[in-house]
Amino acid sequence: MRYWLIKSEPDVYGIDDLARDSTTPWTGVRNYQARNFMRDQMKPGDQAFYYHSNCETPGIVGIAEVSRAAYPDATQFDPRSKYYDDKSTTENPRWLHVDFRFVRKTPLISLDELRRHQPLAGMRVLARGNRLSITPVDPDEWKYILGLMKK
DNA sequence: GCCAACGTTGGC
DNA sequence: GCCAACGTTGGC
């Protein structure tokens, strides 16, 4: 089982939206690295920190888990979708995604706070200029952050 | 709203 | 296959 961090803008689809919907298809990912993580590594049961980006206080706000392994993203075939990709075909779909299930909300662990902890210094999401919307989290980092949430 | 950092595109 | 131009991300 693996651990992840997934970013989402609360104005677009935040943790409360996931809590309301219970599960959601993680569509619209148009970055090859992020797609490859979903396609090649994510398995049902994998756990993910839910991270709010592009907002007043960016940071981790909850936990989700993979509820379905990767399958083709329907939005790439819809000409009216902003995620439409005219180079993708149903025979050979370019974009895949998993489904996520809501697990729970957590106390906010802000980006600022994450940066303050030496054991988390290697986290991909903290790397300078990082823009990847899906990044792996080490088990040790996962445990450490869970510990921060209990304080 | 600014802008640095980064990924992608496309001309050559 | 290089790389300049462009578009997007996301913290601030």
Side-chain angles (χ1 to χ4, degrees), chain A residues 2-21 23-42 46-66 69-100 102-138 140-142 144-149 151:
Chain A
R2 288 185 160 93
Y3 298 104
W4 306 92
L5 182 145
I6 56 175
K7 290 186 198 170
S8 191
E9 301 188 22
D11 291 348
V12 178
Y13 194 85
I15 188 71
D16 289 325
D17 296 299
L18 183 60
R20 178 198 62 220
D21 296 342
T23 71
T24 198
W26 208 247
T27 56
V29 173
R30 294 296 180 268
N31 170 284
Y32 289 105
Q33 275 190 79
R35 178 205 65 183
N36 293 349
F37 283 141
M38 289 196 283
R39 185 191 62 191
D40 304 335
Q41 298 189 32
M42 278 192 189
D46 280 11
Q47 304 274 113
F49 287 129
Y50 201 99
Y51 178 99
H52 279 174
S53 66
N54 233 331
C55 56
E56 196 175 343
T57 310
I60 294 167
V61 295
I63 294 175
E65 75 177 19
V66 176
Y71 61 104
D73 185 335
T75 64
Q76 71 195 308
F77 305 123
D78 177 3
R80 289 160 307 174
S81 167
K82 66 183 281 205
Y83 299 115
Y84 179 62
D85 184 343
D86 64 3
K87 296 193 191 67
S88 188
T89 62
T90 46
E91 297 76 34
N92 190 18
R94 178 181 289 192
W95 304 110
L96 308 171
H97 65 85
V98 301
D99 289 354
F100 280 106
F102 176 76
V103 174
R104 62 187 171 94
K105 293 173 77 167
T106 65
L108 170 71
I109 307 292
S110 67
L111 175 60
D112 208 46
E113 161 116 46
L114 292 172
R115 287 194 197 287
R116 235 176 269 138
H117 294 268
Q118 175 56 29
L120 304 178
M123 284 187 78
R124 192 91 177 261
V125 72
L126 303 182
R128 176 185 151 83
N130 166 72
R131 288 180 1 193
L132 251 194
S133 62
I134 297 175
T135 51
V137 173
D138 289 343
D140 288 347
E141 294 165 346
W142 180 270
Y144 188 89
I145 293 170
L146 287 186
L148 294 181
M149 290 168 174
K151 283 180 185 155

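We use all heavy atoms of the structure for the numbers below, so side chains are in, but hydrogens, waters and symmetry mates are not. Throughout, protein chains are lettered first and strands after them, A, B, ... in sequence-line order, and every chain is numbered starting at 1.
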Task: A:Asp138 side chain vs A:Asp140 backbone, donor-acceptor pair below 3.5 Å - done: no
Open item on the list: Looking at A:Lys7, I'd like to know whether one of its side-chain N or O atoms comes within less than 4.0 Å of OP1 or OP2 on C:dT9.
Closed with: no
Task: Length of the line joining A:His52:NE2 and C:dT9:P, which is rounded to integer Å - done: 17 Å
Open item on the list: Counting only heavy atoms and a strict 4.0 angstrom limit, can you tell me which residues of residues 77-85 of chain A come near DNA chain C?
Closed with: none
Task: A:Gln33 or A:Lys87, whichever maps to the more 5' nucleotide of DNA chain B - done: A:Gln33
TODO: For A:Leu132 and B:dC6, give me the distance from atom CG to atom P, rounded to whole Å.
DONE: 11 Å
TODO: Apply salt bridge (charged side-chain N to carboxylate O under 4.0 Å, His left out) to the pair A:Lys105 and A:Asp16, showing each step before the final yes or no.
DONE: CA-CA 8 Å; A:Lys105 293 173 77 167; A:Asp16 289 325; 2.6 Å; yes
Task: Whole-Å gap separating C1' (C:dG10) and CZ (A:Arg115) - done: 11 Å
Open item on the list: Could you tell me how far apart A:Glu56 (CD) and B:dG1 (C1') are, to the nearest whole angstrom?
Closed with: 16 Å
Open item on the list: Can you work out whether A:Arg94 or A:Gly129 has the more 5'-proximal nearest nucleotide on DNA chain B?
Closed with: A:Gly129
Task: Candidate pair A:Asp78 and A:Arg80, rule salt bridge (charged side-chain N to carboxylate O under 4.0 Å, His left out), full reasoning - done: CA-CA 5 Å; A:Asp78 177 3; A:Arg80 289 160 307 174; 3.4 Å; yes
TODO: Name the orientation class of the two ring planes belonging to A:Trp142 and A:Phe49 (parallel below 30°, tilted from 30 to 60°, perpendicular beyond 60°).
DONE: parallel
- [ ] Send over the distance from A:Glu113 CD to C:dG11 P, rounded to a whole Å.
- [x] 16 Å
Task: Nucleotide of C:dG11, B:dA5, B:dG7 approaching A:Arg128 most closely (side-chain heavy atoms) - done: B:dA5
- [ ] Verify, without hydrogens or angle tests, whether A:Thr24 (side chain) and A:Leu18 (backbone) share a donor-acceptor contact under 3.5 angstrom.
- [x] no
Task: Cationic N near anionic O, under 4.0 Å, A:Arg20 to A:Asp17 - done: yes
TODO: Please determine if a side-chain N or O atom of A:Tyr32 lies less than 4.0 Å away from the OP1 or OP2 oxygen of B:dT9.
DONE: no
TODO: Take atom CG of A:Asn130 and atom P of C:dG11, then tell me their distance rounded to the nearest Å.
DONE: 9 Å
Task: Nearest-neighbour nucleotide for the A:Ser53 side chain, B:dG7, B:dA5, C:dG11 considered - done: C:dG11
Task: A:Leu111 side-chain proximity, nearest of C:dG10, B:dA5, C:dG11 - done: C:dG11
- [ ] Take the protein atom CG of A:Asn31 and the nucleotide atom C1' of C:dG10, then report the distance between them rounded to whole Å.
- [x] 14 Å
TODO: May I have the distance from A:Glu9 (atom CD) to C:dG10 (atom P), rounded to whole angstrom?
DONE: 7 Å
Task: Which nucleotide in B:dT8, C:dG11, B:dG7 has an atom nearest any side-chain atom of A:Arg131 - done: B:dG7
Task: Between A:Trp95 and A:Tyr32, ring centroids under 6.0 Å - done: yes
